[in-house]
There are 2 protein chains.
Amino acid sequence: MDATDARILLALAAQPRATVVALAEQLGLSRNTVQARVARMEQGGALGSFERRIAPNALGHPLTAFVTARVDQRRLAEVSGALADIAEVVEVFGLSGETDLLVRVVAADAEDLYRIAGRILAVPGIERTTTALAMRELVPHRLTPLLRRAAAR
Amino acid sequence: MDATDARILLALAAQPRATVVALAEQLGLSRNTVQARVARMEQGGALGSFERRIAPNALGHPLTAFVTARVDQRRLAEVSGALADIAEVVEVFGLSGETDLLVRVVAADAEDLYRIAGRILAVPGIERTTTALAMRELVPHRLTPLLRRAAAR
DNA sequence: TCTTCCGTTGAGCATTCTGCTCATGCTCCG
DNA sequence: CGGAGCATGAGCAGAATGCTCAACGGAAGA
């Protein structure tokens with residue numbers, strides 16, 4: 001990924017529906033170049049799945065919560081699998097430090113969240129959990145600043 | 001968002017580059033319908049920004065860390081602004097419970113992370129922080145299970 | 001310095017998609 | 001019953017896509 005790629009991504013971030021042709025003339029590149037680079041980025045995994053763009057909100061799950069957990073390390077694989085079986089579990093990280101797991105969860109409402117938290121706690125191998133509700137998205141997910149820096153070079 | 005929308009999103013998740021025509025015939029819907037629904041979803045904010053699809057990894061930031069922080073609540077707006085000024089800060093949530101803030105950070109390497117953590121701690125209004133490195137992505141971000149459920153209806 | 005390799009570019013071409021409009025039919029609801 | 005809202009099929013002009021080719025230039029390496 002070089003600066004040109006970053007510039008393409010920036011333009012794409014501004015207008016997701018932009019066609020290759022539009023990007024090309026906007027960036028002063030040839031259509032072929034843009035096409036090749038976009039293809040390369042998709043191939044090379046620089047672009048994650050489309051799912052990331054879907055707002056859980058729109059699926060009727062306006063609540064986000066983070067569950068931190070301590071786990072019996074030896075049963076990590078098992079725990080991980082069990083968590084993956086819960087639909088509302090959107091993302092799980094293995095962490096360094098005090099807590100072993102960070103589980104990102106979405107829920108339809110408070111009661112739903114309660115149910116899900118319970119289900120997580122019930123997973124064999126999970127020892128302790130703490131649930132924190134995301135009350136506000138102070139900085140919504142973004143990569144533009146980093147992209148800008150990469151594009152500057 | 002009804003079941004049909006969910007089905008469209010599922011198909012789109014499987015093949016992000018799929019054209020409207022392809023989706024239509026794959027789902028047994030008319031081209032017009034799919035076009036209208038996709039447009040409606042983009043309009044209605046069901047689809048987040050394109051940035052979400054970009055892997056920080058590809059931008060030279062393979063490390064992810066979560067910084068939790070306690071804040072002087074009265075200076076929350078100020079803190080939020082200062083965090084937004086840090087390019088490596090990818091996402092910030094205001095939480096309920098013990099810790100007030102969850103800051104998602106990406107970094108180029110360990111040293112970079114150290115520097116960023118320091119910068120966060122230096123933000124006026126932030127009282128205490130804990131940094132946890134994401135060592136593994138046990139469940140990569142996904143929404144498919146929820147989508148499937150929504151599509152089933 | 002010369003050569004090779006790689007990415008960019010412009011061109012061209014057939015095929016396909018898009019954006020838009022219109023009329024029709026269906027279902028839900030007042 | 002009448003209307004609103006949505007899905008559908010058709011049609012059309014313009015644009016984009018996918019692909020290939022040849023030429024060019026710069027950078028790395030012999």
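In what follows, chains are A, B, ... by sequence order, proteins preceding strands, each numbered from 1. All heavy atoms count here, side chains included; hydrogens, waters and symmetry mates do not.
To the nearest 0.5 Å, atom CG of residue A:L63 and atom CD of residue A:E88 are 12.0 Å apart. With rounding to the nearest 0.5 angstrom, the CD atom of B:E91 is 10.5 Å from the CG atom of A:L143. Going from atom CZ of B:R104 over to atom CG of B:L83 covers 15.5 Å, rounded to the nearest 0.5 Å.
Regarding A:E42, its CD atom lies at a distance of 14 Å from the C1' atom of D:dG18, rounded to whole Å. Atom pair B:R37:CZ and C:dT18:P shows a separation of 17 Å (rounding to whole Å applied). Here the P atom of nucleotide C:dT9 and the CG atom of A:L27 are 11 Å apart, to the nearest Å. Atom CG of B:D5 and atom P of D:dG5 are 17 Å apart (whole Å). Regarding A:L29, its CG atom lies at a distance of 14 Å from the C1' atom of C:dG10, rounded to whole Å. Distance CG (B:L23) to P (C:dT16): 17 Å, rounded to an integer number of Å. Rounded to whole Å, atom P of D:dA7 lies 19 Å from atom CD of B:E25. Summarising the geometry, the separation between CE on A:M41 and P on C:dG7 is reported as 14 Å, rounded to the nearest angstrom.
A donor-acceptor contact shorter than 3.5 Å links the side chain of A:R142 to the backbone of B:V89.
Both B:I54 and A:L10 belong to a common hydrophobic cluster when Ile, Leu, Val, Met, Phe, Trp and Tyr are linked at side-chain heavy-atom distances under 4.5 angstrom.
In this structure, A:R40 reaches the C:dT8 phosphate: one of its side-chain N or O atoms is under 4.0 Å from OP1 or OP2. Residue A:R31 places no side-chain N or O under 4.0 Å from the OP1 or OP2 atom of D:dA15. Distances shown here put every side-chain N or O of A:S30 at or beyond 4.0 Å from the OP1 or OP2 atom of C:dT8. For C:dT18, the OP1/OP2 oxygens have no side-chain nitrogen or oxygen of B:Q35 closer than 4.0 Å.
Nearer the 5' end of DNA chain C, as judged by each residue's closest nucleotide, is the contact made by A:V34, out of A:V34 and A:R17.
The side chain of B:N32 has C:dC20 as its nearest neighbour among C:dG10, C:dC20, D:dC6.
For A:R70 against A:D100, the heavy-atom pair with the smallest separation is CA-OD2, 3.4 Å.
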Distances for protein N or O near nucleotides 23-25 of chain D N or O, under 3.5 Å:
none

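A side chain to side chain contact (heavy atoms under 4.5 Å, CB included) with B:T68 holds for exactly one of B:L102, B:V103, B:T129, B:T131; it is B:L102.
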